[in-house]
S.K.: 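I'd like to ask you about the structure that follows.
Residue numbers start from 1 in every chain, and the chains themselves are labelled A, B, ... in the order their sequence lines are given, proteins ahead of strands. On a predicted model such as this, the values are computed, not experimentally measured, just so you know.
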Amino acid sequence: MTDTIRAVRGMKDLLPPESRRWQQVEAVSREIFARYGYQEIRLPLLERTELFARSIGADTDIVAKEMYTFTDRHGDSLTLRPEATAQVVRAYLENGLHLGAGVKKFFTIGPMFRYERPQKGRYRQFHQINGEALGVDVPELDVEVILLLLDILKHLGLRDLELLINSLGCPVCQVDFKARLTIFLARREGWCDDCLRRRAANPLRVLDCKSQNCQALLMEAPLLRDCLDDDCRRHYDRVLELLSRFGVPYTEQPRLVRGLDYYTRTAFEVTAGGLGAQDAVAGGGRYNGLVKELGGPDLPGIGFAIGQDRLMEILPEQDSPAPPRIFLAALGPPARETAFSLLRELRRQGLAAEFDFQDRSLKAQLSLANRLGASFTVILGDRELAQGRVLVRRMDGGEQQTLPLDGLAAALAALIAREKDEHRV
RNA sequence: GUGGGCGUAGCUCAGUUGGUGAGAGCACCGGGUUGUGGCCCCGGAGGCCGCGGGUUCAAGUCCCGUCGCUCACCCCA
């Protein structure tokens, strides 16, 4: 168009009716979180840059090139959060939540920011639903987190999801593995340019290169799971055992590495069709070194993030019935006066009511009522006003009845209640 | 950052080898009912054809540039 101001690249307006579906997704999530004993925390969108630099890893793409970072008026370097886990840990420590014994379980929902080229399923402002459990490192908790995640997705009506899982081991295993992998990578020829770069910076990333050629070369690469020490091995085996026992289908993905440096042991991803190249709807894993890294005691943690924008893309259609609405159609100034008062009265009764703020013909008003999905329209003109009555029109059939203006709110409430009962049957 | 595709009405899109007046469907407004919605019929409003430059007698159509959107790479949710 002309030079009207547009939304910033990679950021979108969320409009009705879609906004309603987002609310529904969030409501379902909250309900399932509550069932599993996870409580909501709401966190700032802005943090000191150092928090992310230290937790996510200075060499990761997120930190190296994707953060929205700026200096505030005080000279502090601040960053719009690119992910939630680091923040959750920060809040956990800052508020002394780690001091009590046992597991602490949280969830948080909100926007994250990464400066990337937008594409399908990837935006500069995107939205995550996060679950985090801190303080205990037992395989049962890993399984709980995965079950929780799958439960949410299932309650949202998603099917045909695939759970990919791997163990990244602990830092000790990783040192061993990286050494072996580095040797392997150096001995082979034919890596793509990106992998040559990764080989130097972070060899683990070579593992999930999408180039067919590199994947072929990787067929004989050492596997993380062969480098796990006894504890990590036992932990991983137990996770898999429990998943099997609960009948949760999974696919072991020995080359699943994930792009944040803090992951240890269990790492997982949920993928779905229909998302294009960005097919991960959710991902997560254990982060046993993170709390300590951020200055706290050596406490473990595990969590996941659901990509809400991607989730919305694959959500099955399901139209929720519109709430019953009453529309007030008024003809002429005196009737409009009465109608406006009546509008307030109906709403005070808890009824959803609306009227035409433009003074238009009855025809136009009924047409509006129809568009809004009103179940009843109250018609109020001079004739009705003179008799102290109104016409009440059912919008689905068109039958009309006359009701006294006195006590109209209660009468309509009764009508609506009966309506609801009938729908339930 | 790199590459492909696309920018015509609020939305989805037509627009033939460049050739009188810029179109359709949906949505919107009005009429067909003196005070009665949906369906139907009639009418109306709404476009610097993304922007700038060039070629040409003539550009929505061809060329260059630019901005934007989109998909993909990188990487992740």
S.K.: Take the protein atom CG of A/D309 and the nucleotide atom P of B/U70, then report the distance between them rounded to whole Å.
M.R.: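 So the two atoms are 13 Å apart, to the nearest Å.
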S.K.: Are A/E252 and A/R225 ion-paired here, with the side-chain N under 4.0 Å from a carboxylate O?
M.R.: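 Yes.
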S.K.: Quote, to the nearest angstrom, the P distance that separates B/G65 from B/U70.
M.R.: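 Taking atom P in both B/G65 and B/U70, they lie 23 Å apart.
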S.K.: Under 3.5 Å, is there a donor on one side chain and an acceptor on the other for A/Y36 and A/D151?
M.R.: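 Result is yes, a qualifying pair exists.
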S.K.: What is the distance, to the nearest angstrom, from the CD atom on A/Q358 to the C1' atom on B/C28?
M.R.: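 Roughly 11 Å, once rounded to whole Å.
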S.K.: Sugar-phosphate atoms are those with a prime plus P, OP1 and OP2; base atoms are the rest. Using that split, label each nucleotide of nucleotides 32-39 of chain B B, S or - for protein heavy atoms under 4.0 Å, 5' to 3'.
M.R.: B--BBBB-
S.K.: Could you run down the sub-3.5 Å N/O contacts of the protein with nucleotides 41-44 of chain B?
M.R.:
none

S.K.: With sequence neighbours left out, which residue pairs that include part of residues 259-271 of chain A fulfil the salt bridge (charged side-chain N to carboxylate O under 4.0 Å, His left out) condition?
M.R.: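 Qualifying pairs: A/D137-A/R265, A/R205-A/D261, A/R258-A/E269.
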S.K.: Looking only at atom C1', what distance separates B/C48 and B/A22, rounded to whole Å?
M.R.: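 Taking atom C1' in both B/C48 and B/A22, they lie 13 Å apart.
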S.K.: For B/C69, does OP1 or OP2 lie under 4.0 Å from any side-chain N or O of A/R9?
M.R.: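 Answer yes for this pair, as a side-chain N or O of A/R9 is under 4.0 Å from OP1 or OP2.
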S.K.: The criterion is side-chain hydrogen bond (donor to acceptor under 3.5 Å, both in side chains); which residues satisfy it with A/R360, sequence neighbours excluded?
M.R.: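 Residues passing side-chain hydrogen bond (donor to acceptor under 3.5 Å, both in side chains) with A/R360: A/D356.
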S.K.: I need the minimum non-hydrogen distance between A/P118 and A/R124, along with the two atoms involved.
M.R.: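 Scanning both residues, the minimum pair turns out to be CD-NE, 4.2 Å.
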S.K.: Holding to salt bridge (charged side-chain N to carboxylate O under 4.0 Å, His left out), I want the full list of residues that pass it with A/E162, two or more places apart in sequence or in another chain.
M.R.: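 Expected list: none.
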S.K.: Take A/Q125 and A/Y68 through the side-chain hydrogen bond (donor to acceptor under 3.5 Å, both in side chains) test and state the conclusion after the steps.
M.R.: CA-CA 10 Å; A/Q125 175 176 333; A/Y68 275 94; over 6 Å; no
S.K.: Say whether A/T108 and A/N130, considering side chains only, have a donor N or O and an acceptor N or O under 3.5 Å apart.
M.R.: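 A/N130 and A/T108 do not have a side-chain donor-acceptor pair below 3.5 Å.
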S.K.: Between B/G1 atom C1' and A/E66 atom CD, what is the distance in whole Å?
M.R.: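 Distance check: A/E66 CD to B/G1 C1' gives 12 Å.
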S.K.: Would you indicate what A/E116 reaches in the nucleic acid, counting non-hydrogen atoms under 4.0 angstrom: base, sugar-phosphate, or nothing?
M.R.: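 Base contact.
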S.K.: List for me each residue that meets side-chain hydrogen bond (donor to acceptor under 3.5 Å, both in side chains) alongside A/E26, sequence neighbours excluded, and say none if there are none.
M.R.: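 A/E26: side-chain hydrogen bond (donor to acceptor under 3.5 Å, both in side chains) contacts with A/Q308.
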S.K.: Considering Watson-Crick and G-U wobble pairs with both distances under 3.5 Å, what does B/G43 pair with?
M.R.: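 Across all strands, the one nucleotide that pairs with B/G43 is B/C29.
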S.K.: Looking across every strand, which nucleic acid part, if any, lies under 4.0 Å from A/F304 by heavy atom: base, sugar-phosphate, or nothing?
M.R.: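 Contact class for A/F304: none.
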S.K.: Does a side-chain N-to-carboxylate-O contact under 4.0 Å join A/R117 and A/E66?
M.R.: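 Answer for the salt bridge query: no.
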S.K.: By salt bridge (charged side-chain N to carboxylate O under 4.0 Å, His left out), which residues pair with A/E144, not counting sequence neighbours?
M.R.: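 Partners of A/E144 under the salt bridge (charged side-chain N to carboxylate O under 4.0 Å, His left out) test: A/K105.
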S.K.: Could you list the residues that satisfy side-chain hydrogen bond (donor to acceptor under 3.5 Å, both in side chains) with A/E47, not counting sequence neighbours?
M.R.: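 side-chain hydrogen bond (donor to acceptor under 3.5 Å, both in side chains) list for A/E47, sorted by chain: A/Q87, A/R90.
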S.K.: Give me the distance, rounded to whole Å, that separates B/C49 from B/A9 when you measure between the P atoms they each carry.
M.R.: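 Taking atom P in both B/C49 and B/A9, they lie 9 Å apart.
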S.K.: B/G19 and B/G60: how far apart are their P atoms, nearest whole angstrom?
M.R.: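 10 Å, rounded to whole Å.
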S.K.: Considering only the P atoms, how many Å lie between B/U33 and B/A14, rounded to the nearest integer?
M.R.: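 So the two P atoms sit 40 Å from each other.
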S.K.: For B/G1, give the paired nucleotide (Watson-Crick: N1-N3 plus N6-O4 or O6-N4; G-U: N1-O2 and O6-N3; both under 3.5 Å), or none.
M.R.: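 The base-pairing partner of B/G1, which may sit in any strand shown, is B/C73.
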S.K.: Considering every strand shown, what is the Watson-Crick or G-U wobble mate of B/U34 when both distances are under 3.5 Å?
M.R.: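 Base partner found: none.
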S.K.: Can you pull out the residues from residues 280-292 of chain A that lie within a 4.0 Å heavy-atom distance of RNA chain B?
M.R.: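 Contacting residues: A/A280, A/V281, A/A282, A/G283.
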S.K.: Can you tell me the distance, in whole Å, between the CG atom of A/D279 and the C1' atom of B/C75?
M.R.: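 Result: 13 Å.
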S.K.: Test of understanding: with side-chain hydrogen bond (donor to acceptor under 3.5 Å, both in side chains), list the residues that count as partners of A/R159, not counting sequence neighbours.
M.R.: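 A/R159: no side-chain hydrogen bond (donor to acceptor under 3.5 Å, both in side chains) contacts found.
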S.K.: Does B/A24 pair with anything, Watson-Crick or G-U wobble, both distances under 3.5 Å, and if so, with which nucleotide?
M.R.: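 Answer to the pairing question: B/U12, which forms a Watson-Crick or G-U pair with B/A24.
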S.K.: Do any N or O atoms of the protein come closer than 3.5 Å to N or O atoms of nucleotides 2-5 of chain B, and which pairs are they?
M.R.:
| residue | atom | partner | partner atom | Å |
| --- | --- | --- | --- | --- |
| B/U2 | O4 | A/R117 | NH1 | 3.1 |
| B/U2 | O4 | A/R117 | NH2 | 3.2 |
| B/G3 | O6 | A/R117 | NH2 | 3.4 |

S.K.: Does B/C62 have a Watson-Crick or wobble partner in any strand here, with both distances under 3.5 angstrom, and which is it?
M.R.: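 By the stated definition (distances under 3.5 Å), B/G54 pairs with B/C62.
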S.K.: Which whole-number value in Å describes the distance from A/K12 NZ to B/U70 C1'?
M.R.: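 It works out to 11 Å between those atoms.
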S.K.: Describe the nucleic acid contact of A/G121 in one word from base, sugar-phosphate, nothing, applying a heavy-atom distance below 4.0 Å.
M.R.: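 Base contact - A/G121 has a heavy atom under 4.0 Å of at least one base atom.
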S.K.: Considering only the C1' atoms, how many Å lie between B/C6 and B/C13, rounded to the nearest integer?
M.R.: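 Each nucleotide's C1' atom is 13 Å from the other's.
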S.K.: Which base, if any, makes a Watson-Crick or G-U wobble pair with B/C48, both distances under 3.5 Å?
M.R.: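 Answer to the pairing question: none, since B/C48 forms no Watson-Crick or G-U pair.
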S.K.: Return the value, rounded to whole Å, for the distance between atom CZ of A/R360 and atom C1' of B/G31.
M.R.: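 So the CZ-C1' distance, A/R360 to B/G31, works out to 15 Å.
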S.K.: Searching all strands shown, indicate the nucleotide that pairs with B/C6 (Watson-Crick or G-U wobble; both distances under 3.5 Å).
M.R.: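 For B/C6, the partner nucleotide comes out as B/G68, under the 3.5 Å rule.
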S.K.: Taking distance alone, no hydrogens or angles, what donor-acceptor pairs closer than 3.5 Å link side-chain atoms of residues 7-16 of chain A to residues at least two apart or in another chain?
M.R.:
none

S.K.: Find the distance A/I5:CD1 to B/C67:P and express it as a whole number of Å.
M.R.: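 Taking CD1 of A/I5 and P of B/C67, I get 19 Å after rounding.
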S.K.: Could you check how far CE of A/M11 sits from P of B/U70, rounded to whole Å?
M.R.: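 Taking atom P of B/U70 as the reference, CE of A/M11 is at 13 Å.
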S.K.: On a whole-Å scale, what distance lies between the C1' atoms belonging to B/C63 and B/G18?
M.R.: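 Each nucleotide's C1' atom is 13 Å from the other's.
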S.K.: Is the distance from the ring center of A/F113 to that of A/Y115 below 6.0 Å?
M.R.: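 No, too far apart.
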S.K.: So that I can tick it off, tell me whether A/E220 and A/R188 are bridged by a salt bridge, with the cut-off set at under 4.0 angstrom between side-chain N and carboxylate O.
M.R.: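 Salt bridge between A/R188 and A/E220, a charged N being under 4.0 Å from a carboxylate O: yes.
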S.K.: Looking at A/Q119, does any N or O in its side chain come under 4.0 Å of the phosphate oxygens OP1/OP2 on B/A72?
M.R.: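 Indeed, a polar side-chain atom of A/Q119 lies that close.
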S.K.: Between B/U12 and B/U2, how far apart are the two C1' atoms, rounded to whole Å?
M.R.: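 Nearest-Å result for B/U12 against B/U2 at atom C1': 31 Å.
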